[in-house]
Structure formats: C-alpha cells, structure tokens
Amino acid sequence: MAEKRRVLLVVAYDGTAYSGWAFQTGTHNTIEEMLNRAIFSLTGEEVKVIGASRTDAGVHAYGNIAVFDTVSTVPGDRFSFALNNILPADIRITSSRDVAQDFHPRHCNAEKTYEYRILNTKIPDPTKRLYTYHFSMPLDEKVMQEAGRYLVGEHDFTSFCNVESQALSHVRVIKDVTVRREGDEVVINVTGNGFLYNMVRIIAGTLLQIGRGKGRPSDVALMIEKKDRAAAGPTAPPQGLFLMEYRFIDGIPEP
C-alpha cells in the first residue's frame, strides 16, 4: 500500500451559491463539502480537507488554502488538473503540491489579505451585484483611509467581531489597511495575521459609515477601546468580500 502523504490545494471560488467554506451539521452545499466529494470521486478516499480560512456564505476567494491526506499515486502537482475536471465551474484549484505531513495551514506563521469592493454609483450595475456591495451615497475614500490607520497594530477587536464568535481571544494584529477608488468602486484591503468572525465585513461597514460622514476617523480608536460590538458600524454584506491571498511567512515545508 502506498504511503500516506499530504497535499496542499490553492482554491479559488465564487461563493455566491455556497453556504460558506466549512461543512457543519445541517448545512449543505459548502466549499469544503464539494472538495471532499471531488477528492472521493478521484481517489475513492473519504477525506476531510483542512481549510486555512472559513469564509462565510456568499464570500469569494482567489487564494484560500486546503490540505488533505491521501495514499493516491496522483502526483501532487496534477491534483489541480484532475480535480478541476470534477468540480463545478465556480470552484477551481489554481495549484497543488505535496507538503510536509505535519503541515497545518492554521497552525503556522501566516498573514491573510482580504478585499472588500463597494460599487459607489447612484444606480446599481446588475452585472456587479454578486461581487460588490452597492452604496448610492457619496463616499470619501480619503477619510476612510485615515480611519483605517487606527485599525493597524495589535488590538482587542471585540468591537469588530460577531457576538456569536467562539474565539478564545479577540486580540489580532492588523498589518495594513488601504482604501482606494477604482473608477466607480471604492476598494478596501485589509492584511493581518488572523481575523475574527465577520471582522473584515464589520471593518468595511464601519469605514463606509465614516466615509459617508457619519463619524470621524478618530472614532475608530474609541470603538476599539470600548470592546463592545455595538460601538462599531454595521456588518457589510458578504458579496463584496474576497479572500485575496494567504501568505506563509516562513514558507511551506517540503515533504
């Protein structure tokens, strides 16, 4: 019998039709479930992929990470091609490779970058409805950028976390926040070492409120200090959010 090995997948997906990444009892049609099924169809093995980021329902990704164990003889770099022939068109494996057997994507030194896209026009664009949040009132992206600077650093982000979060600690490190305008869209990028439940969407909702003139940039510091979800802005809808990149700072160990 072939020796067990661990394979890493870089996964891109349109999250519109899915109930998020993680399979849960009573929840169907998740990205994790689709990957498990595809691997079973290819190898005949019952596997449970381990995902790096458990994105919410409706959230998209260019670079989420998953690993799984297999005794298949399929070369690591060929899994992407083989699985893409099985997976639905809204999920694609952009690359695959063998990694060390003990490599776990959530237990290593890494940073993630999320992007949130706001369509800032008077009339919605129906072709962008699944990939942006439409907001018709004027937004000042420069004020939003100034507000975002108060998020950078190590903080207790209780105010920017869904109250149903089960995280043991709400302390996270945000390394960078940028806000820019690209034509009719205001684009928010947030990079950090980890994120709490709904954290990026709450950041987006908060910056959006400040960008429309409800509050000052310095109010963000007070929101953080209060450690109270009611202190921050609303949770922005999921469709504008993309997981752009998952970067392993110390690299990925070879098998």
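Residues: numbered from 1 along the sequence shown.
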> Just wondering, do L151 and V220 contact through their side chains at under 4.5 Å, heavy atoms?
Replying inline: yes

>> Taking E146 first and then K142, would you say they form a salt bridge - that is, a charged N and a carboxylate O separated by under 4.0 Å?
In response: no

> If you group Ile, Leu, Val, Met, Phe, Trp and Tyr by side-chain heavy-atom gaps below 4.5 Å, do V186 and I210 land in one group?
Replying inline: yes

> CD1/I65 to OG/S53 distance, rounded to the nearest 0.5 angstrom?
Replying inline: 10.0 Å

>> Is there a path of hydrophobic side-chain contacts, each under 4.5 Å between heavy atoms, that joins M223 and V143?
In response: yes

>> Using a 6.0 Å cut-off, check whether atom CD1 of I249 has over 12 heavy atoms from anything other than its own residue.
In response: yes

> Do R149 and T178 come within less than 4.5 Å of each other through their side chains, counting heavy atoms only?
Replying inline: no

> Under the criterion salt bridge (Lys or Arg N to Asp or Glu O under 4.0 Å), which of K4, R5, R6 is the partner of D98?
Replying inline: R5

>> Could you check whether any side-chain N or O of E245 sits under 3.5 Å from a backbone N or O of T191, counting only pairs where one atom can act as donor and the other as acceptor?
In response: no

> Is R201 salt-bridged to D56, going by a charged N under 4.0 Å from an acidic O?
Replying inline: yes

>> Checking D69 against Q101: is there a side-chain donor and acceptor pair closer than 3.5 Å?
In response: yes

>> Can you tell me if R181 has over 12 outside heavy atoms packed within less than 6.0 Å of its CZ?
In response: yes

> If you measure only the distance, is there a donor-acceptor pair under 3.5 Å linking the side chains of T235 and R229?
Replying inline: yes

>> How long is the straight-line distance from CD1 of I86 back to CE of M34, given to the nearest 0.5 Å?
In response: 11.0 Å

> If we only count heavy atoms from C-beta on, is the I91 to I31 side-chain gap below 4.5 Å?
Replying inline: yes

>> What's the separation between atom CD1 in I202 and atom CG in L196, rounded to the nearest 0.5 Å?
In response: 8.5 Å

>> Rounded at 0.5 Å granularity, tell me how far CD1 in I50 sits from CG in L8.
In response: 11.0 Å

>> Under a 3.5 Å distance rule, please check whether T16 uses its side chain to pair with a backbone N or O of G58 as donor and acceptor.
In response: no

> Do the side chain of H155 and the main chain of F157 share a donor and acceptor less than 3.5 angstrom apart?
Replying inline: no

>> Do Y150 and V177 land in one hydrophobic cluster if side-chain heavy atoms of ILVMFWY residues count as linked below 4.5 Å?
In response: yes

>> Check this for me: does any side-chain nitrogen of one of R180 and E182 sit under 4.0 Å from a carboxylate oxygen of the other?
In response: yes

>> Can you confirm whether the side chains of T43 and S72 place a donor and an acceptor under 3.5 Å from each other?
In response: no

>> Can you tell me how the ring of F248 sits relative to the ring of Y246, calling it parallel under 30°, perpendicular over 60° and tilted otherwise?
In response: tilted

> For the side chain of N198 and the backbone of C161, is there at least one donor-acceptor N/O pair under 3.5 Å apart?
Replying inline: no

>> Are the side chains of F81 and P75 in contact, using a 4.5 Å heavy-atom criterion?
In response: no

> Donor-acceptor pair, S159 side chain versus K227 backbone, under 3.5 Å?
Replying inline: yes

> Do E185 and N120 have side-chain heavy atoms sitting under 4.5 Å apart?
Replying inline: no

> Taking the side chain from D219 and the backbone from R216, do they hold a donor-acceptor pair closer than 3.5 Å?
Replying inline: yes

> Has the side chain of S95 got a donor or acceptor atom that lies under 3.5 Å from a matching backbone atom of V10?
Replying inline: no

>> Rounded at 0.5 Å granularity, tell me how far CG in L207 sits from CD in E141.
In response: 12.5 Å

>> Please give me the minimum heavy-atom distance between G251 and P253, naming the atom from each residue.
In response: O-CD, 3.9 Å

> Rounded to the nearest 0.5 Å, how far does CG of L241 lie from CD of E115?
Replying inline: 9.5 Å

>> Is there a side chain to side chain contact (heavy atoms under 4.5 Å, CB included) between Y197 and V163? Walk through the geometry before answering.
In response: CA-CA 9 Å; Y197 184 20; V163 295; over 6 Å; no

> Taking NZ, NE, NH1 and NH2 as the nitrogens, is one of them in K48 or E32 under 4.0 Å from a carboxylate oxygen of the other?
Replying inline: no

Output a table of donor-acceptor pairs, distance under 3.5 Å, between side-chain atoms of residues 130-139 and any protein atom two or more places apart or on a different chain; print 'none' if there are none.
unit_1	atom_1	unit_2	atom_2	d
Y131	OH	D14	OD2	2.5
T132	OG1	K128	O	2.8
H134	NE2	T121	O	2.5
H134	NE2	T121	OG1	3.4

> Distance under 6.0 Å and angle within 45° of the ring axis: does R37 meet both against F40?
Replying inline: no

>> Hydrophobic clustering (ILVMFWY, side-chain heavy atoms < 4.5 Å, transitive) - are Y114 and M244 grouped together?
In response: no

> Any ion pair linking E111 and K175 (charged N to carboxylate O, less than 4.0 Å)?
Replying inline: yes

> For the ring pair Y18 and Y13, is the centre-to-centre distance below 6.0 Å?
Replying inline: no

> Could you walk me through whether F68 and F79 pass the ring-ring contact (aromatic ring centres under 6.0 Å, His included) check?
Replying inline: CA-CA 11 Å; F68 68 96; F79 266 103; 5.3 Å; yes

> How about F242 and Y62: are their ring centres within less than 6.0 Å of each other?
Replying inline: yes

>> Side-chain heavy atoms nearer than 4.5 Å, only ILVMFWY residues, links allowed to pass through others: does that put V179 and F195 together?
In response: yes

>> Would the distance check show the side chain of E45 and the main-chain N or O of V71 forming a donor-acceptor pair, the cut-off being under 3.5 Å?
In response: yes

> At their closest point, which heavy atom of A66 faces which heavy atom of V49, and how far apart are they?
Replying inline: CB-CB, 4.3 Å

